[in-house]
Amino acid sequence: RDPEMSRGLGDVYKRQMKDKIRSKIDSEKKRMKYFRMTLQYSNKYIWYLLLLAVCPSVFTVFVFSPYGTIDYFCNFRAFYGADFRTIYLVASGINPKLYYLGIVGLIVIPVCFSILFGAVERHMRVGEFNLGFDRILTRLNFNFLTALKFSMMLFVVYEIFKFLQVVMFYLLTHSLQIEWAFALSLIWYVALYAAELFMLAATILWVPTMLQTGLSSTKALGLAIRQGAKQIFPTMVSLMIPTLPMLILMVVNSVLNLKLDVVLDAILLTISIVFYVIYMYTMFFDINGIDREDLKKIDIWKENKKRRKGN
């Protein structure tokens, strides 16, 4: 065999391998582009949006607590063989004494979503970020019904998944040894978590499709699912990433008994709400080929104000 030919073939194989690796990296970057674009947007006005979302989140955690299931697993021996009501209250995180605060949060959440939808959409569409009182009233007028439908859908789906979760927990703890009950309960929890992420990813374009096209809820949902079908898995991963650090902190909190469950729940809900809204509009604008004025260096609204003052 000719040594020079062997070296030449070796160089060709190396280049092909490098090209394949580079192609895979580029492909993954494209699949996760909406995650990166969401983070880029979040650098600008994230604190305003977080402050807006924190109020309903603080109240809602008394009936809508992601920490509850984490605490259930961290203290599994204590709840092994418990009655259905106990498991449900622990896993769902419902506080029997302060549940009325959670109801207040559930009432306020559609208001929060109405303002968030309008603020993010207008900023992307015309380049103006405005949380003024007059804008808030306008957004409540145009967005509240859609926000209410969206909030009710989230709550109903959450309760269905939580009920299925608790039923399985109860059956496993009353029919299997503790080791098997723990393992299978954890698998069931992960499966339901993945199903929830799938549902959120599949319907992520539902709200902007309703608000921007004027279609009915059913038709908008069908169109949203078709448009986002190719992005379901990347969206699932993107929605999961911001929650992982908080879930780890929840495990630490439960193991060390730091009693920070309400704080961690509120932070997780606040981050999830804001991230989801930004992500949905980022994806909606890109898929539909709508120009985003917020990405342009020149703020046309500020420029127009300067011209008016100059005249």
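Here the structure is a predicted model, which is why all the values come from computation and not from measurement.
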Does any N or O in the side chain of [X] come within less than 3.5 Å of the main-chain N or O of [Y], such that one atom is a donor and the other an acceptor?
| X | Y | value |
| --- | --- | --- |
| Thr173 | Tyr170 | yes |
| Ser57 | Ala53 | yes |
| His123 | Glu128 | no |
| Asp83 | Thr86 | yes |
| Trp206 | Thr218 | no |

Between [X] and [Y], what is the shortest heavy-atom contact and its length?
| X | Y | result |
| --- | --- | --- |
| Ile271 | Pro242 | CG2-CB, 4.2 Å |
| Ala194 | Met236 | O-CE, 3.5 Å |
| His174 | Gly81 | NE2-O, 3.3 Å |
| Val166 | Ala91 | CG2-CB, 4.0 Å |
| Ser254 | Asp71 | OG-OD1, 2.8 Å |
| Phe161 | Ala195 | CE2-CB, 3.5 Å |

Heavy-atom side-chain contact between [X] and [Y] under 4.5 Å:
| X | Y | result |
| --- | --- | --- |
| Arg125 | Glu293 | no |
| Met283 | Thr38 | no |
| Tyr45 | Phe129 | yes |
| Met153 | Phe150 | yes |
| Phe35 | Ile241 | yes |
| Leu101 | Leu98 | yes |
| Tyr189 | Tyr72 | no |
| Tyr34 | Pro234 | no |

Side chain to side chain contact (heavy atoms under 4.5 Å, CB included) assessment of Val54 paired with Leu50: CA-CA 6 Å; Val54 73; Leu50 288 173; over 6 Å; no
Under 3.5 Å side-chain donor-acceptor pair for [X] and [Y]:
| X | Y | answer |
| --- | --- | --- |
| Asn288 | Gln212 | no |
| Thr146 | Asn143 | no |
| Asn253 | Tyr67 | yes |
| Lys162 | Thr69 | yes |

Kindly say whether the aromatic ring centers of [X] and [Y] come within a distance under 6.0 Å.
| X | Y | value |
| --- | --- | --- |
| Tyr41 | Tyr281 | no |
| Phe73 | Phe169 | yes |
| Phe76 | Phe182 | yes |

Would a single hydrophobic cluster contain both [Y] and [X], if residues Ile, Leu, Val, Met, Phe, Trp and Tyr are joined by side-chain heavy-atom contacts under 4.5 Å?
| X | Y | answer |
| --- | --- | --- |
| Trp188 | Ile70 | yes |
| Trp180 | Val167 | yes |
| Val274 | Val58 | no |
| Leu200 | Phe198 | yes |
| Leu205 | Leu239 | yes |

Against Arg139, only a single residue in Leu116, Val111, Leu131 fulfils side chain to side chain contact (heavy atoms under 4.5 Å, CB included); can you say which?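 Result for side chain to side chain contact (heavy atoms under 4.5 Å, CB included) with Arg139: Leu131.
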Consider side chain to side chain contact (heavy atoms under 4.5 Å, CB included). Of Thr243, Val61, Ile273, Leu249, which one does Leu268 pass it with?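 Going through the options one by one, the only one that passes is Thr243.
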Take Asp286 and Lys33 through the salt bridge (Lys or Arg N to Asp or Glu O under 4.0 Å) test and state the conclusion after the steps. CA-CA 10 Å; Asp286 185 74; Lys33 72 173 182 176; 2.9 Å; yes
Phe163 atom CZ, over 12 foreign heavy atoms within 6.0 Å: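 Result for CZ/Phe163: open.
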Before giving the answer on side chain to side chain contact (heavy atoms under 4.5 Å, CB included), spell out for Leu211 and Glu121 the whole-Å C-alpha distance, their side-chain angles and the decisive distance to 0.1 Å. CA-CA 10 Å; Leu211 291 174; Glu121 185 275 335; over 6 Å; no
What's the verdict on side chain to side chain contact (heavy atoms under 4.5 Å, CB included) for Thr235 and Tyr279, showing C-alpha distance, side-chain angles and the deciding distance? CA-CA 9 Å; Thr235 300; Tyr279 194 101; 3.4 Å; yes
May I ask you to decide if the ring planes of Tyr88 and Phe84 are parallel, tilted or perpendicular, using 30° and 60° as cut-offs?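 Ring orientation, 0 to 90° scale: parallel.
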Begin from the C-alpha positions of Ile87 and Tyr80 and carry the test side chain to side chain contact (heavy atoms under 4.5 Å, CB included) through to its verdict. CA-CA 9 Å; Ile87 294 176; Tyr80 179 73; over 6 Å; no
